[in-house]
Amino acid sequence: DLTCLDNPLTINQRQIEVVADNIVATYGEEKTLTYQIANGSLAFEDILSGNLEREQGKNVGTYNILIGTLQVQNPNYKIDFVNGTYQIDKRPISIVASGSKMYGENDTTIEYQIADGELVKNDSLTGKLTRVGGETAGQYTILIGTLNNDNYDITLNESFYEITKRPIVVTAFNQLKTYGQPDSVLTYQIDGLLGQDIVQVQLKREQGEDAGTYNIVLDGFSNANYFVQTFNPAIYTIECANVPFVAVDFEKTYDSNSYVVDMSDFEQFNYSIIYTNSNGLDVQAPVDADTYVATISFADNKNYFDKTF
């Protein structure tokens, strides 16, 4: 005879150990949570249902990976779960910056743009860039300053803030001297200087010492914070001199010889002499007793005024 005993059949949960994989992600990306069965095994062709979960948070930091729904959806298994870590690293971006102003002006805001990488939607950087100190014309390295976002690793590429030279207007003044005299000082006026700034301007004139006109031009400039935007030239005039001749009356006693004015000191000049007697007649040279007028004319001497004595 077959006797049936009314004893229940108990099927116990199969024990397994599940270890969450440690995950490293970059801020702005989300990676799938994964795990490994470290001890035990699944029966038959089972697969585990459900998902792991992690602590909430999207900012840079380390979050625990939790069992989530893995146990609830697999009642045939007793899962010993080993938490993992989900690490969010800073997102790398690089920026390039620029800025400029004219010497003597207040600093403008230093602007930047992202050269490599990108911001996650709706993100922004706070703070501002700064620069190496200095107010003279030139280039100054831009510094990261307070520009920041805790979720980003910000690299500032080599960038410069430029202070440009300030324009000025230099006006030269006309000069005049007489032939044979030393040159007068070349003078000028500057418009556009700031405050107590001093600029040394060097002028020169075209070479030449004969009577005539010569251009006065710009020959140098000493202040690195300025540049000559406009130069108004001038004229240096050398005017003719008077012939250094003095007419003096003189007397001679008649001796049948002719007499002429001694012009030996003026042989370098173009001149002519006319002798006129008391009757108004021109003679080549005085011989006879009489009163003569000597008319001496200097003409066509480049550096001297035409003059008659």
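Model, not experiment: these values are computed from the prediction.
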Just by distance, no angles: are the side chains of [X] and [Y] close enough, under 3.5 Å, to form a donor-acceptor pair?
X: Asn59; Y: Asn151; value: yes
X: Thr85; Y: Arg54; value: no
X: Asn51; Y: Glu53; value: no
X: Asn76; Y: Asn74; value: no
X: Ser278; Y: Asp290; value: yes

For the residue pair [X] and [Y], what are the closest heavy atoms and their distance?
X: Leu125; Y: Leu119; value: CD2-CD2, 4.0 Å
X: Ser258; Y: Val287; value: CB-CG2, 3.6 Å
X: Val261; Y: Ile273; value: CB-CD1, 4.5 Å
X: Ser41; Y: Arg14; value: O-NE, 2.7 Å
X: Phe221; Y: Val199; value: CE1-CG1, 3.1 Å
X: Gly134; Y: Ile163; value: O-CD1, 3.5 Å

Item to check | Ionic contact status for Asp183 with Lys177, cut-off 4.0 Å | outcome: yes
Next on the checklist: Any salt bridge linking Asp123 with Lys121? Criterion: basic side-chain nitrogen under 4.0 Å from a carboxylate oxygen.
Outcome noted: no
Among all residues two or more places apart in sequence or in another chain, which pass the side chain to side chain contact (heavy atoms under 4.5 Å, CB included) test with [X]?
X: Asp265; answer: none
X: Ser159; answer: Val96, Ala97, Ile142, Leu156
X: Pro167; answer: Met102, Phe227, Gln229

Checklist outcome for this item: For Arg166, the salt bridge (Lys or Arg N to Asp or Glu O under 4.0 Å) test, sequence neighbours excluded, returns Glu105
Next on the checklist: For Lys302, give me all partners under salt bridge (Lys or Arg N to Asp or Glu O under 4.0 Å), at least two apart in sequence or on another chain.
Outcome noted: Asp210
Checklist entry - What is the ring orientation for Phe245 with Phe298, classed by angle as parallel under 30°, tilted 30 to 60°, or perpendicular over 60°? => result tilted
Checklist outcome for this item: Hits for side chain to side chain donor-acceptor pair (under 3.5 Å) against Thr187, two or more places apart or cross-chain, chain-then-number order -> Gln175
Checklist entry - Can you name the residues that form a side chain to side chain donor-acceptor pair (under 3.5 Å) with Thr136, not counting sequence neighbours? => result Tyr140
Within 6.0 Å of [atom1] in [X], more than 12 heavy atoms from elsewhere:
X: Gln268; atom1: CD; answer: yes
X: Leu281; atom1: CG; answer: yes
X: Gln284; atom1: CD; answer: no

Item to check | Residue pair Gln87, Asn22: steps toward the side-chain hydrogen bond (donor to acceptor under 3.5 Å, both in side chains) verdict | outcome: CA-CA 8 Å; Gln87 179 178 320; Asn22 292 329; over 6 Å; no
Check the hydrophobic clustering (I, L, V, M, F, W, Y; side-chain heavy atoms under 4.5 Å; chains of links allowed) and say if [X] and [Y] are grouped together.
X: Val283; Y: Val260; value: yes
X: Ile95; Y: Phe160; value: no
X: Tyr271; Y: Phe305; value: no
X: Val228; Y: Val201; value: yes
X: Phe269; Y: Ile274; value: no

Look at the side chain of [X] and the backbone N and O of [Y], then say whether any donor-acceptor pair between them is shorter than 3.5 Å.
X: Lys307; Y: Val243; result: no
X: Tyr77; Y: Leu42; result: no
X: Tyr86; Y: Lys31; result: yes
X: Asn148; Y: Thr146; result: no
X: Asp153; Y: Arg91; result: no
X: Glu206; Y: Asn215; result: yes
X: Asp255; Y: Asn257; result: yes

Checklist entry - Is there a side-chain contact (heavy atoms from CB on, under 4.5 Å) between Leu52 and Phe81 once you walk through the steps? => result CA-CA 10 Å; Leu52 302 181; Phe81 184 74; 3.5 Å; yes
Next on the checklist: Between Leu70 and Val18, does the side-chain contact (heavy atoms from CB on, under 4.5 Å) criterion hold? Intermediate values first, please.
Outcome noted: CA-CA 10 Å; Leu70 209 61; Val18 173; 4.1 Å; yes
Checklist entry - So Tyr161 and Thr108, side-chain hydrogen bond (donor to acceptor under 3.5 Å, both in side chains) or not? Walk me through it. => result CA-CA 10 Å; Tyr161 188 96; Thr108 56; 3.0 Å; yes
Pairs involving [range], ordered by first then second residue, that meet salt bridge (charged side-chain N to carboxylate O under 4.0 Å, His left out) (sequence neighbours left out):
range: residues 55-72; result: none
range: residues 128-143; result: Lys101-Glu135, Asp107-Arg131, Arg131-Glu135
range: residues 229-249; result: none

Next on the checklist: The test is side-chain contact (heavy atoms from CB on, under 4.5 Å); show your working for Asn157 and Asp116 and say whether it passes.
Outcome noted: CA-CA 10 Å; Asn157 294 341; Asp116 188 41; over 6 Å; no
Checklist entry - Under the side-chain contact (heavy atoms from CB on, under 4.5 Å) criterion, do Tyr275 and Asp282 qualify, and how do the steps go? => result CA-CA 5 Å; Tyr275 299 95; Asp282 294 337; over 6 Å; no
Checklist entry - Does any pair with a residue in residues 216-226 pass side-chain hydrogen bond (donor to acceptor under 3.5 Å, both in side chains), and if so which ones, sequence neighbours excluded? => result Asp197-Tyr226
Checklist entry - Taking the six-membered ring for Trp, are Tyr179 and Tyr304 ring centroids under 6.0 Å apart? => result yes
Checklist entry - Which other residues end up in the same hydrophobic cluster as Val82, if Ile, Leu, Val, Met, Phe, Trp and Tyr are linked when side-chain heavy atoms come under 4.5 Å apart? => result Val19
Checklist entry - Which distance, rounded to the nearest 0.5 Å, do you find between the CG of Leu48 and the CD of Gln71? => result 9.5 Å
Next on the checklist: Does the structure place the NZ or CZ of Arg205 under 6.0 Å from the centre of the six-membered ring of Tyr236, at an angle of no more than 45° from the ring's axis?
Outcome noted: yes
